[in-house]
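Just so we're on the same page: letters track the sequence lines, and every chain starts at 1.
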Amino acid sequence: MKIATWNVNSIVARLPLVLRWLDEAKPDVLCMQEIKCVEDKFPAMAFEELGYKTAAFGQPSYNGVAFASRFDIQNVKRGFTGAEPGDHSRLIAAEINGINIVNVYIPNGSEVGSDKYIFKLNWMNRLRLFFKERYSQTDPVLVCGDFNVAPEDRDVHDPAKWVGNVLVSPRERASLEQIRAWGFIDAFRLFTESSGAFSWWDYRQGAFQKNDGLRIDHIWVTKSVAERCQSSWIDKEPRSWERPSDHTPVIVEIATGKE
DNA sequence: ATGGTTGTAAAACAA
């Protein structure tokens, strides 16, 4: 079973690339972030024509998360429990083929110390509590998405250049580690220890051509899922296509016993 | 370079 995560940066603008990638990479599940549209505008039919069911949680213009899956998408949960009006659409969870998949778009944070930075840290704390209240560490749980944090310096092309910036600041990294410590393992790091593997490159300054990127998109799994992970990798190719998202897909292959 | 690029949506704002 192949599960992928991709911040598509507008599903309406990116639909041709997303469909092309689904056709070529053939993941069983694609978790998307930044769909940037309400559910009514989500192009569900285009996914159905490729054999994918969908579930989306959107809002106008910003944020938004969605699943596309060859398997049934069961027990869909949109947003945190106790969500309030005006909350961003940044989390969608569901049970897919026996795995509890939580698809998140963690806030960017803008600048260290800003209101948006505090909002990011608070949102990450709510995410930590979401796992605590909803799942057990022995459950098969997979959380993936645009975490907007590079966990370590080896996840940054030029760490010195990023000191003092969001995505790498110590408080964000500590908050991310608190989430991970509930019971997650970074699936990508089960298979690749080296630096230089990134999932996002800024649109500016030819960052992609210089591989001046960050690894901020992640797939984390609980122990029972980790034991079934067969491989995990980043597919850089869609970042090189015309009119790309600034992110590229991260994939994990999980044994289900049905293959 | 207080710039640079892209998306939404129609002027800033978010990333």
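The side-chain heavy atoms of A/Tyr52 and A/Leu22, taken from C-beta on, include a pair separated by under 4.5 Å.
Backbone-only engagement by A/Arg90 is indicated by non-hydrogen atom pairs under 4.0 Å involving sugar-phosphate atoms exclusively.
Per the geometry, CD1 belonging to A/Ile11 stands 13 Å off P belonging to B/dG7, to the nearest Å. In this structure, the CD atom of A/Gln59 is 12 Å from the C1' atom of B/dT8, given to the nearest Å. Look at CG on A/Asp212: it is 12 Å from C1' on B/dG4, rounded to the nearest Å. If you take CG of A/Asn9 and P of B/dT6, they are 11 Å apart, rounded to a whole angstrom. Computed from coordinates, the A/Ile106 CD1 to B/dA15 P distance equals 13 Å when rounded to whole Å. As a whole-Å value, the separation of A/Trp200 CH2 from B/dT6 C1' is 12 Å. The NE2-P distance, from A/His88 to B/dC13, rounds to 15 Å in whole Å. One interatomic measurement links the two molecules: CG of A/Asp202 to C1' of B/dG3, which rounds to 12 Å at whole-angstrom precision.
Remark: the separation of the P atoms in B/dT8 and B/dG3 is 25 Å, to the nearest Å. Comparing B/dA1 with B/dT5, their C1' atoms sit 15 Å apart, to the nearest whole Å. B/dA9 and B/dA14: their P atoms are spaced 14 Å apart (whole Å).
Using cut-offs of 30° and 60° on the angle between ring planes, the pair A/Trp182 and A/Phe184 is tilted.
A salt bridge does not link A/Arg90 to A/Asp146: none of the charged side-chain nitrogens sits closer than 4.0 Å to a carboxylate oxygen. A/Glu39 has a carboxylate O that lies under 4.0 Å from a charged side-chain N of A/Arg78, or vice versa, which qualifies the two as a salt bridge. Between A/Arg189 and A/Asp155, at least one side-chain nitrogen of the basic residue sits less than 4.0 Å from a carboxylate oxygen of the acidic one, meeting the salt-bridge criterion.
Between A/Asp146 and A/Val12, the residue anchored nearer the 5' end of DNA chain B, judged by the nucleotide with its closest heavy atom, is A/Val12. For the pair A/Tyr105 and A/Ser61, nearest-nucleotide mapping onto DNA chain B gives the more 5' position to A/Ser61.
The nucleotide whose nearest atom lies closest to any side-chain atom of A/Gln205 is, among B/dA15, B/dT8, B/dG4, B/dG4. Nearest nucleotide to the side chain of A/Asn108, out of B/dT8, B/dA15, B/dT5: B/dA15. Side-chain atoms of A/Glu34 lie closest to B/dA15 of the nucleotides B/dA15, B/dC13, B/dT6. Set against B/dA15, B/dT8, B/dT5, the side chain of A/Lys116 has B/dA15 as its closest nucleotide.
In terms of phosphate contacts, A/Arg204 brings no side-chain nitrogen or oxygen within less than 4.0 Å of OP1 or OP2 of B/dA15. Between A/Arg14 and B/dG7 there is a side-chain N or O to OP1 or OP2 distance below 4.0 Å.
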